Amino acid sequence: MSNQFGLSSLYRQDYELWLESTINQLRQHDFDNLDIDLLIEEIEEMGGSLKDALENNLIVILAHLLKWKYQPGHRSGSWRGSIKEHRRRINKSIQKHPSLSRYYETIFEECYPPALDWAVEETGLSQDIFPPQCPFTRQQVIDSQFLPD
């Protein structure tokens with residue numbers, strides 16, 4: 001038990017060292033000296049962070065695609081570059097963590113309203129100009145070749 005308190009202290013003082021120590025204990029099957037509760041917290045947080053990042057990247061792409069489609073006179077390399085980069089992030093995350101593809105499917109529709117708000121704010125266009133439902137398919141949004149007309 002005293003070792004677990006030591007690991008908790010190490011966690012607060014030097015996260016990288018705690019992580020290295022925990023990985024070594026797992027590799028050596030030294031389960032008695034692991035701070036299991038802290039390890040569980042870290043794993044839960046890691047999963048949440050991956051999901052948060054995917055959601056944020058999706059909102060950015062949707063907002064830029066809306067601006068691209070509904071404000072064609074203002075299209076820029078910056079918008080194109082942002083779309084490309086955030087698509088890369090989503091595709092890389094899904095490639096590294098295939099279960100995130102299910103999460104992507106689940107949150108796709110709920111990411112449209114904040115993206116729409118962002119597009120309205122940045123373009124100054126009325127919300128009535130934009131469709132109430134996402135005009136892009138899930139595949140189009142992450143397709144590196146897709147840009148709306």
Side-chain angles (χ1 to χ4, degrees), residues 1-71 76-123 125 127 130-148:
M1 201 66 152
S2 62
N3 195 13
Q4 286 185 352
F5 289 119
L7 288 175
S8 295
S9 177
L10 182 60
Y11 175 84
R12 288 189 298 278
Q13 293 172 2
D14 188 337
Y15 176 76
E16 292 300 319
L17 190 56
W18 173 83
L19 192 59
E20 185 180 314
S21 174
T22 300
I23 290 168
N24 285 335
Q25 286 175 313
L26 287 168
R27 284 190 175 131
Q28 295 170 12
H29 300 269
D30 183 10
F31 305 123
D32 292 335
N33 292 311
L34 281 174
D35 186 336
I36 297 294
D37 293 334
L38 198 51
L39 183 58
I40 289 169
E41 282 180 39
E42 277 301 303
I43 292 170
E44 287 174 337
E45 187 175 311
M46 182 176 46
S49 296
L50 290 169
K51 289 177 177 179
D52 289 346
L54 187 131
E55 186 175 332
N56 291 333
N57 287 315
L58 178 55
I59 291 169
V60 170
I61 296 168
L62 289 170
H64 283 308
L65 289 175
L66 286 169
K67 294 186 303 182
W68 189 274
K69 181 173 179 70
Y70 293 97
Q71 206 172 37
S76 69
S78 172
W79 289 357
R80 181 182 286 121
S82 182
I83 292 167
K84 182 178 183 175
E85 173 59 19
H86 290 276
R87 279 177 171 158
R88 184 195 67 75
R89 292 178 189 182
I90 287 177
N91 286 314
K92 183 177 179 183
S93 290
I94 290 173
Q95 183 180 29
K96 286 178 72 174
H97 310 282
S99 66
L100 284 177
S101 64
R102 287 190 312 271
Y103 185 70
Y104 174 79
E105 295 292 325
T106 302
I107 63 157
F108 186 84
E109 292 300 326
E110 71 185 53
C111 287
Y112 184 69
L116 175 58
D117 289 344
W118 184 359
V120 167
E121 194 67 35
E122 285 201 355
T123 63
L125 298 172
Q127 187 163 343
F130 300 97
Q133 300 297 318
C134 185
F136 317 114
T137 68
R138 289 164 172 79
Q139 187 54 43
Q140 286 173 327
V141 169
I142 56 174
D143 179 348
S144 65
Q145 303 303 310
F146 173 76
L147 285 173

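Fair warning: this is a prediction, and the values are worked out from it, not measured in the lab.
- In this structure, NE2 in His86 is found 15.0 Å from CD1 in Ile142, a value given to the nearest 0.5 Å.
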Would Phe146 and Arg87 count as a side chain to side chain contact (heavy atoms under 4.5 Å, CB included) if you check the C-alpha gap in whole Å, the side-chain angles of each, and the deciding distance to 0.1 Å?
-> CA-CA 11 Å; Phe146 173 76; Arg87 279 177 171 158; 3.6 Å; yes
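- With hydrogens and angles ignored, the 3.5 Å screen pairs a side-chain donor or acceptor of Thr22 with a backbone N or O of Trp18.
- Atom CG of Leu19 and atom CD of Glu42 lie 7.5 Å apart (nearest 0.5 Å).
- Closest approach of Gln145 and Asp143 over heavy atoms only: N-OD1, 2.8 Å.
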Between Ile90 and Val141, does a side chain to side chain contact (heavy atoms under 4.5 Å, CB included) hold up when you go through it step by step?
-> CA-CA 10 Å; Ile90 287 177; Val141 169; 5.7 Å; no
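- Between the CG atom of Leu34 and the CD atom of Gln28 there is a distance of 10.0 Å, given to the nearest 0.5 Å.
- Here the shortest heavy-atom pairing between Ala119 and Ala63 reads CB-O, 4.0 Å.
- Between His64 and Trp118, the ring planes lie tilted relative to each other; the angle falls in the 30° to 60° range.
- In this structure Tyr70 satisfies the ring pair (Phe, Tyr, Trp, His ring centres under 6.0 Å) test together with Phe130, sequence neighbours excluded.
- Sorted by first and then second residue, the salt bridge (charged side-chain N to carboxylate O under 4.0 Å, His left out) pairs with a member in residues 88-100 read Glu85-Arg88, Glu85-Arg89; sequence neighbours excluded.
- To the nearest 0.5 angstrom, Leu147 atom CG is 9.5 Å from Phe136 atom CZ.
- In plain terms, the two heavy atoms of Asp30 and Asn33 that are nearest each other are OD1-ND2, 2.9 Å.
- Qualifying salt bridge (Lys or Arg N to Asp or Glu O under 4.0 Å) partners for Glu105, counting only residues two or more places apart in sequence or in other chains: Arg138.
- Ile43 pairs by the side chain to side chain contact (heavy atoms under 4.5 Å, CB included) definition with Leu39, not counting sequence neighbours.
- Within 6.0 Å of CD on Glu110 lie more than 12 heavy atoms contributed by other residues, nucleotides or ligands.
- If you take CG on Leu66 and CG on Leu62, they are separated by 6.5 Å, rounding to the nearest 0.5 Å.
- Remark: the backbone N or O of Leu17 is not paired with any side-chain donor or acceptor of Ser21 at under 3.5 angstrom.
- Looking at every heavy atom in both residues, Ile61 comes nearest to Ile83 through CG1-O, 4.2 Å.
- Listed for the Ser82 side chain is no donor-acceptor partner under 3.5 Å among the backbone atoms of Trp79.
- The ring pair (Phe, Tyr, Trp, His ring centres under 6.0 Å) test applied to Tyr104 returns Phe108, not counting sequence neighbours.
- Residue pairs satisfying the salt bridge (charged side-chain N to carboxylate O under 4.0 Å, His left out) criterion with at least one member in residues 50-68, sequence neighbours excluded, are listed as follows: Lys67-Glu122.
- Atom-to-atom distance recorded for Cys111:SG and Ile59:CD1 is 4.5 Å, nearest 0.5 angstrom.
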